[in-house]
Every structure is written in C-alpha cells, then in structure tokens.
Amino acid sequence: MAARSFTFIRHGEAAHNPLITAGDKAAGRAILDPKLTALGTEQATALGAKLTESNQSFDIVVTSPLSRALQTTALACPAECAARRVVVTSLHTENGIPVEGDPVAGNPCQRGAPVAELRADYPTFDFAGCADEAQWTTDGRGGSFHPLGVAERLELFRTFLHGLPEDAAVLVVGHSGFWKKFLGQDQKMANCELVERAV
C-alpha cells in the first residue's frame with residue numbers, strides 16, 4: 001500500500017485533560033466520555049476559523065465517536081458537517097479495554113456513549129462504521145469502546161484510510177495516545193494541533 005497524505009488533528013481540551021495535567025490523574029481518568037471544556041470549545045472554533053481563512057476544506061472528515069472528537073469536528077468543520085461528509089469510526093479511539101501494565105487503558109475517559117445517543121446528537125454524521133458489536137461495544141463497567149486494543153487497530157485503521165476515495169482531501173479527528181502510536185511521534189499532539197502526514 002503506497003503512502004498517502006492525510007491531515008490529522010487532536011480534539012480540543014476536554015474535561016479530563018486539565019485534571020490530568022494538574023496531577024489528579026485518577027479524577028481525570030474517572031470521567032466517562034469527557035466533553036470539551038470552554039477552552040476546548042475555543043480551540044476547536046479557532047481551528048475552524050484558521051481552516052476557513054486558509055481556504056482549507058475537506059471532502060471527508062473522519063472522527064472518533066468519543067464526545068470530545070465529535071464536538072471538535074462539529075466546531076472545526078461546520079461546512080463538512082452540513083454537507084454530510086463526516087464518517088465516524090471507532091478504529092482510532094483511545095484504548096477502552098484494560099491492558100495489564102497500562103494505567104490509562106480501560107478507564108472511563110477512554111470510553112464513549114452508545115451509538116443511538118450519538119446519532120441523536122449528530123444526525124448528519126455517518127455512524128455505520130461503529131454501529132455493531134465488532135466496532136463499538138459495552139461491558140459491565142460502563143461506556144462503549146472498540147473491542148480491540150490500539151496495537152491491533154493500527155493496520156486496520158491504515159487500511160480504512162486507504163480505502164477512502166484516492167482523490168479525496170481527508171481530515172481525521174482523533175486522540176493523542178492513538179496518534180502517537182499511529183504517526184510515530186515522539187511527543188503527544190497538543191489540543192487542536194494539525195499535522196499533515198503521509199501514512
């Protein structure tokens with residue numbers, strides 16, 4: 001599979017981020033599907049203005065089903081949302097299942113809402129990519145998640161991206177932990193940071 005260029009961004013600041021940054025990791029990670037903070041809303045809105053000013057538009061926007069990514073997509077890409085060009089896939093969420101030795105994986109902040117609720121909140125988004133148990137499931141601990149770990153999804157996600165129309169300009173909204181593994185970055189992406197990369 002030949003490398004192809006895509007635009008990647010991390011969601012805006014969400015409710016768990018300032019707690020984790022301040023050292024209260026337990027409290028931050030305990031928030032189920034955290035939503036954007038006021039600052040995160042400003043970051044996503046500013047990103048949308050920056051994209052508009054630079055005449056940058058996208059044929060397809062791919063977003064994670066976690067609320068912070070969906071909210072960022074809605075604020076940063078209103079034209080694409082209105083034109084029904086948003087595809088939701090759980091392939092690039094954070095790790096919603098516990099992993100031995102990983103204190104972050106499986107925490108509530110890595111899990112999302114049921115697809116039925118998300119569809120009601122984002123009626124123009126295409127949720128077919130996470131509408132069944134193979135893509136977005138639940139267990140007794142609360143929240144929905146992809147049933148495979150991040151490492152198992154990296155090539156699946158690459159294949160998914162390369163399956164999109166070759167001439168389409170694609171923006172992908174996701175999460176720092178996944179991007180660090182997928183893009184091979186040495187440091188985490190900042191909130192609403194934009195990176196163009198061939199993968």
Side-chain angles (χ1 to χ4, degrees), residues 8-21 25 27-41 43-44 47 61-77 80-81 86-99 102 104-139 141-154 156-157 160-161 171-183 188-193:
F8 301 92
I9 66 168
R10 180 188 178 195
H11 60 80
E13 182 191 77
H16 66 310
N17 295 140
L19 291 170
I20 291 170
T21 299
K25 295 180 180 179
R29 292 172 182 163
I31 300 172
L32 178 62
D33 194 22
K35 294 181 170 44
L36 294 181
T37 62
L39 175 59
T41 299
Q43 291 168 336
L47 175 62
V61 178
V62 176
T63 183
S64 145
L66 297 183
S67 289
R68 53 197 183 268
L70 294 168
Q71 289 177 298
T72 299
T73 299
L75 292 167
C77 308
E80 288 83 355
C81 294
V86 178
V87 175
V88 184
T89 175
S90 57
L91 285 171
H92 66 301
T93 59
E94 296 287 34
N95 209 350
I97 56 175
V99 176
D102 183 342
V104 180
N107 279 278
C109 66
Q110 308 289 48
R111 293 166 166 247
V115 172
E117 289 180 23
L118 299 175
R119 277 199 177 107
D121 290 338
Y122 301 93
T124 64
F125 291 15
D126 178 1
F127 284 92
C130 58
D132 60 51
E133 289 191 7
Q135 292 289 328
W136 198 235
T137 190
T138 58
D139 64 16
R141 290 171 299 135
S144 299
F145 58 96
H146 195 290
L148 295 177
V150 168
E152 298 169 284
R153 288 187 265 122
L154 296 176
L156 292 174
F157 187 59
F160 166 82
L161 290 179
L171 172 69
V172 192
V173 183
H175 308 272
S176 63
F178 189 92
W179 290 152
K180 188 172 182 180
K181 293 178 176 67
F182 186 71
L183 301 174
K188 290 178 20 173
M189 286 172 67
N191 293 116
C192 284
E193 182 179 350

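Atom set for the values below is all heavy atoms of this structure, side chains included, hydrogens, waters and symmetry mates excluded.
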Is any side-chain heavy atom of P108 closer than 4.5 Å to a side-chain heavy atom of R29?
no
Any donor and acceptor pair, going by atom type alone, linking the side chain of Q135 with main-chain N or O of S90 inside 3.5 Å?
no
Would you say the side-chain atoms of N17 pair up with the backbone N or O of A14, donor to acceptor, closer than 3.5 Å?
yes
Applying side chain to side chain contact (heavy atoms under 4.5 Å, CB included), name anything that partners I97, two or more places apart in sequence or on another chain.
N95, F145
Can any side-chain N or O of N107 pair as donor or acceptor with the backbone N or O of A30 at less than 3.5 Å?
no
Is the shortest heavy-atom distance from the side chain of V104 to the side chain of K25 under 4.5 Å?
no
Can you find a heavy atom in the side chain of D126 that is under 4.5 Å from one in the side chain of V88?
no
Has W136 got a side-chain atom pairing as donor or acceptor with A113's backbone, closer than 3.5 angstrom?
yes
Does some side-chain heavy atom of V86 sit less than 4.5 Å from a side-chain heavy atom of T63?
yes
Identify the two heavy atoms, one from T72 and one from G12, that lie closest to each other, and give their separation to 0.1 Å.
OG1-N, 3.0 Å
Locate the shortest heavy-atom distance separating V115 from C130; write the atom from each residue and the value.
CG2-O, 3.0 Å
Please check if the side chain of S144 supplies one atom and the backbone of T138 the other of a donor-acceptor pair under 3.5 Å.
no
Quick one: sort the F160 and F157 rings into parallel, tilted or perpendicular, breaks at 30° and 60°.
parallel
Taking only residues two or more places apart in sequence, or in another chain, which ones meet T37 in a side chain to side chain donor-acceptor pair (under 3.5 Å)?
E13
Kindly say whether I9 contributes a backbone atom to a donor-acceptor pair with the side chain of W179 at under 3.5 angstrom?
yes
Strictly distance-based, threshold 3.5 Å: is any side-chain N or O of R153 a donor or acceptor partner for the main-chain N or O of L148?
yes
ring-ring contact (aromatic ring centres under 6.0 Å, His included) with F127: which residues, sequence neighbours excluded?
none
Any side-chain donor-acceptor pair under 3.5 Å between H175 and T93?
no
Charged N-O contact under 4.0 Å between R111 and D139
yes
